[in-house]
Amino acid sequence: MRKIFILSALLLSMAAFAQPIRVVSNQVLGHGFAPQLSADGAVVTYLEAEDIDLHTSIANPQLYVTNDNLDINLYRNGKHTVLRPRGKENYIWSSISPDGTRILYNTRYGTEICDLEGHILANVGALMYPQWYGDDYVIGHQETSDGH
């Protein structure tokens with residue numbers, strides 16, 4: 001089912017830009033959580049399980065974040081820093097902006113952006129699974145279900 005979904009998404013996105021589909025890999029992705037394509041389009045990286053953090057960044061392997069212990073763990077040039085912009089909270093879905101200057105994350109206060117020192121720059125509202133869409137935009141899922 002996931003292969004069909006991924007293929008459908010690729011077909012739709014490629015059709016929108018009228019570009020031919022290019023096979024990057026014939027390897028079966030397994031679960032394939034959080035796939036990322038390298039800048040040159042040659043490599044796809046992904047998580048094998050939903051609860052494993054991505055410990056490398058395609059754009060800059062010297063700068064990445066994880067959510068170990070539900071904190072924002074920033075790794076910069078081999079140095080590890082724990083960031084807690086809102087104090088002791090449960091931080092999830094953290095990611096570095098493509099330009100490497102900001103961190104996107106989620107807490108019970110919603111989806112927020114902070115700088116690399118942990119200073120809150122913006123609250124973009126209640127988004128599930130937020131992702132960077134370029135340097136200046138964030139996309140995510142707005143949940144309207146009450147769970148029933």
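In this chain, residues are counted from 1 in sequence order. Since we're looking at a predicted model, the values are computed, not measured.
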Common cluster, [X]/[Y], ILVMFWY with side-chain heavy-atom separation under 4.5 Å:
X      : Y      : value
Val138 : Ile96  : no
Leu74  : Ile120 : yes
Val65  : Leu63  : yes
Leu116 : Ile72  : yes

Can you check whether Arg84 reaches Asp71 side chain to side chain, under 4.5 Å on heavy atoms?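 When only atoms from C-beta onward are counted, Asp71 and Arg84 do touch, with a gap below 4.5 Å.
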Would a 4.5 Å heavy-atom cut-off, applied to side chains only, mark Tyr75 and Gln62 as touching?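 A side-chain contact is absent here, since even the closest heavy-atom pair is not under 4.5 Å.
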Atom pair [atom1] ([X]) and [atom2] ([Y]), whose distance is rounded to the nearest 0.5 Å:
X      : Y      : atom1 : atom2 : value
Ile139 : Tyr129 : CD1   : OH    : 14.0 Å
Asp99  : Thr101 : CG    : OG1   : 3.5 Å
Ile103 : Ser94  : CD1   : OG    : 7.0 Å
Arg76  : Thr81  : CZ    : OG1   : 6.0 Å

Return the set of residues passing salt bridge (Lys or Arg N to Asp or Glu O under 4.0 Å) with Lys79 (not counting sequence neighbours), or none when no residue passes.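 Partners of Lys79 under the salt bridge (Lys or Arg N to Asp or Glu O under 4.0 Å) test: none.
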Go through Ile92 and Leu70 one step at a time and tell me if the side-chain contact (heavy atoms from CB on, under 4.5 Å) criterion holds. CA-CA 6 Å; Ile92 58 174; Leu70 296 175; 3.8 Å; yes
Between [X] (side chain) and [Y] (backbone), is there a donor-acceptor pair under 3.5 Å?
X      : Y      : value
Asn73  : Asp68  : yes
Trp132 : Ser95  : yes
Tyr109 : Asn123 : no

Stepwise side chain to side chain donor-acceptor pair (under 3.5 Å) check, Ser97 with Asp135: CA-CA 6 Å; Ser97 62; Asp135 290 325; 5.0 Å; no
Residues Arg108 and Glu89 bridged, charged N to O under 4.0 Å: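 Yes, this pair counts.
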Going by side-chain hydrogen bond (donor to acceptor under 3.5 Å, both in side chains), name the residues that satisfy it together with Tyr105, two or more places apart in sequence or in a different chain.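 Counting only residues at least two positions away or on another chain, Tyr105 forms a side-chain hydrogen bond (donor to acceptor under 3.5 Å, both in side chains) with Glu112.
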Show the nearest heavy-atom pair for residues Cys114 and Pro85, with the distance to one decimal.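 Answer, listing the atom of Cys114 first, then Pro85: SG-CG, 3.9 Å.
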Closest approach of Tyr91 to Arg86 (non-hydrogen atoms, all atoms of both residues):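 Scanning both residues, the minimum pair turns out to be OH-N, 2.7 Å.
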